[in-house]
Number of protein chains: 2
Amino acid sequence: MFTLRHVLPIMQQIQHAIRQMIMISQQEMEGLLKDCYSKTVKPKEFLSKQEQISNEIFFICKGITRSTIVDQSGVEHTIHFSLENQFVADYSSFMLKTPALNSIEAIEETEVIVMPRSAIEWGYAHLQQGDRMGRLIAEYYFIYFDNRLKNQYVFTPVQRYENISRVFPNIHNRVPQHMIASYLGISPVHLSRLKKLI
Amino acid sequence: MFTLRHVLPIMQQIQHAIRQMIMISQQEMEGLLKDCYSKTVKPKEFLSKQEQISNEIFFICKGITRSTIVDQSGVEHTIHFSLENQFVADYSSFMLKTPALNSIEAIEETEVIVMPRSAIEWGYAHLQQGDRMGRLIAEYYFIYFDNRLKNQYVFTPVQRYENISRVFPNIHNRVPQHMIASYLGISPVHLSRLKKLI
DNA sequence: TTCGTTCGTTAACATTTGTTTAGATTAATC
DNA sequence: GATTAATCTAAACAAATGTTAACGAACGAA
């Protein structure tokens with residue numbers, strides 16, 4: 001049987017990400033990560049599915065995922081891409097303990113650290129800076145969403161396309177174009193058309 | 001000169017809102033609110049303007065505001081409405097201390113409590129549950145934004161219009177229709193056209 | 001009151017975007 | 001390697017949305 005000491009090296013990346021947010025002792029870190037484990041999913045496999053309550057937060061060590069939501073007509077929309085060194089979850093479902101509206105699906109082969117609810121709650125209760133960590137995560141995502149929403153109002157589809165390409169230059173090699181179109185809120189045919197005009 | 005004891009009655013509403021989020025002693029409450037003050041703005045007057053760093057959070061006691069953002073072509077978009085008993089600010093600007101992209105403008109005569117940055121920072125540093133309050137506020141807005149973004153993907157303009165009318169039935173008596181159109185991301189002429197079809 | 005402004009509706013027309021279908025290319029699977 | 005599936009592009013047409021202009025009603029300021 002492995003002890004925590006043996007498992008930790010795999011956890012280096014997530015530890016680094018956590019230490020960028022808060023001051024945390026080695027002892028606290030071990031407590032926080034004791035229920036966490038790593039998991040690998042293949043392309044098109046799901047990390048979590050809609051209609052189930054999200055009881056896990058994922059930290060992406062390697063790979064890329066997309067979060068999808070299905071509308072009343074059954075059409076699937078890509079609402080986020082998530083990359084290496086980012087946390088991903090349906091946070092609304094996690095926080096409210098309501099059924100998730102999102103699914104999270106791997107695009108490439110993806111390796112994640114799974115943080116179960118028990119680990120997060122242990123953190124809030126026992127970490128000196130637990131609530132601070134929660135606040136910073138929430139604020140980080142708040143800023144991200146605020147930005148996304150403003151973009152929707154202020155930029156045209158072409159501008160949004162150029163913005164992604166700038167922020168995430170490699171995206172065209174890693175995700176199919178029809179998913180980018182879905183993310184932009186336009187049809188794949190139309191994105192192809194717009195590209196011709198640039 | 002008024003002491004805090006005299007000022008507090010005006011502050012009842014905001015105290016109630018704060019107590020719904022965290023446990024807070026009367027002494028802590030007085031510390032938190034000691035730099036806060038009330039302010040009344042007339043319709044079309046601004047609580048805060050774009051390009052300035054937001055150093056205040058507003059609590060709306062009475063009235064209604066809209067948050068606006070201007071695109072590259074100079075067109076103004078309404079991105080939020082905020083009502084009684086809600087906090088409003090350009091939180092991204094407040095948190096990052098960067099120039100605001102939003103302006104906040106009163107639609108009706110509006111009375112707010114102004115919470116300066118000093119009050120918020122005092123709260124984070126001295127309140128027993130300061131970070132918890134920060135986390136809950138950030139999480140609350142996170143959920144709000146998450147929802148807004150999903151709505152953009154999943155609902156048509158007509159559905160979004162019906163959703164507002166349901167969530168905020170009185171909106172048509174309180175805000176001009178062209179602002180609602182702007183909020184929905186469509187032209188005022190088109191909203192008028194869509195209404196005919198319902 | 002009177003005058004000017006803001007607001008909502010309507011119609012006509014222009015532009016953008018979606019849909020369908022087809023074909024060609026590449027990637028994945030057996 | 002052969003076959004199937006996935007992906008992107010293209011064209012033609014349909015639907016949705018924007019723009020402009022005109023008009024009248026409601027509202028506010030002088």
Side-chain angles (χ1 to χ4, degrees), chain A residues 41-46 63-66 68 70-78 81 105-110 151-162 164-165 170-198, chain B residues 41-46 63-66 68 70-78 81 105-110 151-162 164-165 170-198:
Chain A
V41 287
K42 296 213 173 75
K44 299 190 182 174
E45 283 182 359
F46 289 88
I64 179 169
T65 67
R66 63 170 183 151
T68 58
V70 177
D71 69 22
Q72 292 168 334
S73 319
V75 178
E76 179 189 84
H77 303 264
T78 300
F81 296 113
E105 179 189 333
I107 296 178
E108 305 173 350
E109 172 151 319
T110 298
N151 283 356
Q152 294 266 13
Y153 280 99
V154 160
F155 293 119
T156 64
V158 174
Q159 290 172 320
R160 291 205 296 275
Y161 177 77
E162 292 170 337
I164 303 184
S165 310
N170 211 24
I171 192 169
H172 308 96
N173 303 323
R174 295 183 70 180
V175 338
Q177 188 170 296
H178 66 90
M179 292 183 191
I180 299 176
S182 169
Y183 176 84
L184 295 175
I186 61 181
S187 70
V189 180
H190 189 51
L191 177 56
S192 173
R193 189 160 39 193
L194 290 176
K195 276 175 62 184
K196 231 181 18 178
L197 307 176
I198 305 178
Chain B
V41 288
K42 296 213 173 74
K44 299 192 183 174
E45 283 182 359
F46 289 87
I64 180 171
T65 68
R66 64 171 181 150
T68 58
V70 177
D71 69 21
Q72 293 168 334
S73 319
V75 178
E76 179 188 85
H77 303 264
T78 300
F81 296 112
E105 179 188 332
I107 297 179
E108 304 173 349
E109 173 151 321
T110 297
N151 283 355
Q152 294 266 12
Y153 281 99
V154 161
F155 294 118
T156 64
V158 173
Q159 291 172 320
R160 292 206 295 274
Y161 178 77
E162 291 170 338
I164 304 184
S165 310
N170 211 25
I171 192 169
H172 308 95
N173 304 322
R174 294 183 71 180
V175 338
Q177 188 169 296
H178 66 90
M179 292 183 191
I180 300 176
S182 168
Y183 176 84
L184 295 175
I186 62 181
S187 70
V189 179
H190 190 52
L191 177 54
S192 175
R193 188 161 38 194
L194 290 176
K195 278 175 63 183
K196 230 180 20 177
L197 307 176
I198 305 178

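Here is how names work: the chains are called A, B, and so on, in the same order as the sequence lines, proteins then strands, and each is numbered from 1. For the numbers below, each heavy atom of this structure counts, side chains included, while hydrogens, waters and symmetry mates do not. Just so it is clear, the model here is predicted, and its values are computed rather than measured.
With values rounded to the nearest 0.5 angstrom, F81(B) atom CZ is found 6.0 Å from I180(B) atom CD1.
Every residue meeting the side chain to side chain contact (heavy atoms under 4.5 Å, CB included) condition with F46(B), not counting sequence neighbours, appears here in chain and number order: K49(B), S103(B), E105(B). Every residue meeting the salt bridge (Lys or Arg N to Asp or Glu O under 4.0 Å) condition with R174(B), not counting sequence neighbours, appears here in chain and number order: E84(B), E108(B).
The stretch residues 183-198 of chain B touches DNA chain C through V189(B), S192(B), R193(B), K195(B), K196(B), each having a heavy atom within less than 4.0 Å of the strand.
Picking from dC8(D), dG8(C), dT17(C) the nucleotide with the shortest atom distance to the side chain of P176(B) gives dG8(C).
The interatomic distance linking H178(B) (NE2) with dC27(D) (P) rounds to 14 Å, in whole Å. Put simply, CD1 on I107(A) is 14 Å from P on dA28(C), counting in whole angstrom units. Atom C1' of nucleotide dA29(D) and atom NZ of K42(B) are separated by 14 Å, given to the nearest angstrom. Atom CG in N173(B) sits roughly 11 Å away from atom P in dC27(D) (whole-Å rounding). Rounded to a whole Å, the CD1 atom of I171(A) is 15 Å from the P atom of dT7(D). Nucleotide dA26(D) holds its P atom 19 Å from the NE2 atom of H172(B), rounded to whole Å. At whole-Å resolution of the value, CD1 in I180(A) and P in dA6(D) are 19 Å apart. Here the C1' atom of nucleotide dT17(C) and the CZ atom of R160(A) are 12 Å apart, to the nearest Å.
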| Stepwise, does the side chain to side chain contact (heavy atoms under 4.5 Å, CB included) test hold for Y161(B) with Y183(B)? | CA-CA 10 Å; Y161(B) 178 77; Y183(B) 176 84; over 6 Å; no
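Using a cutoff of 4.0 Å between basic side-chain nitrogens and carboxylate oxygens, K44(A) and E109(A) are not scored as salt-bridged.
Looking only at side-chain heavy atoms (C-beta outward), V175(B) and R66(B) stay at 4.5 Å or farther from each other.
Contact check, Q177(B) against dT9(C): a side-chain N or O comes under 4.0 Å of OP1 or OP2.
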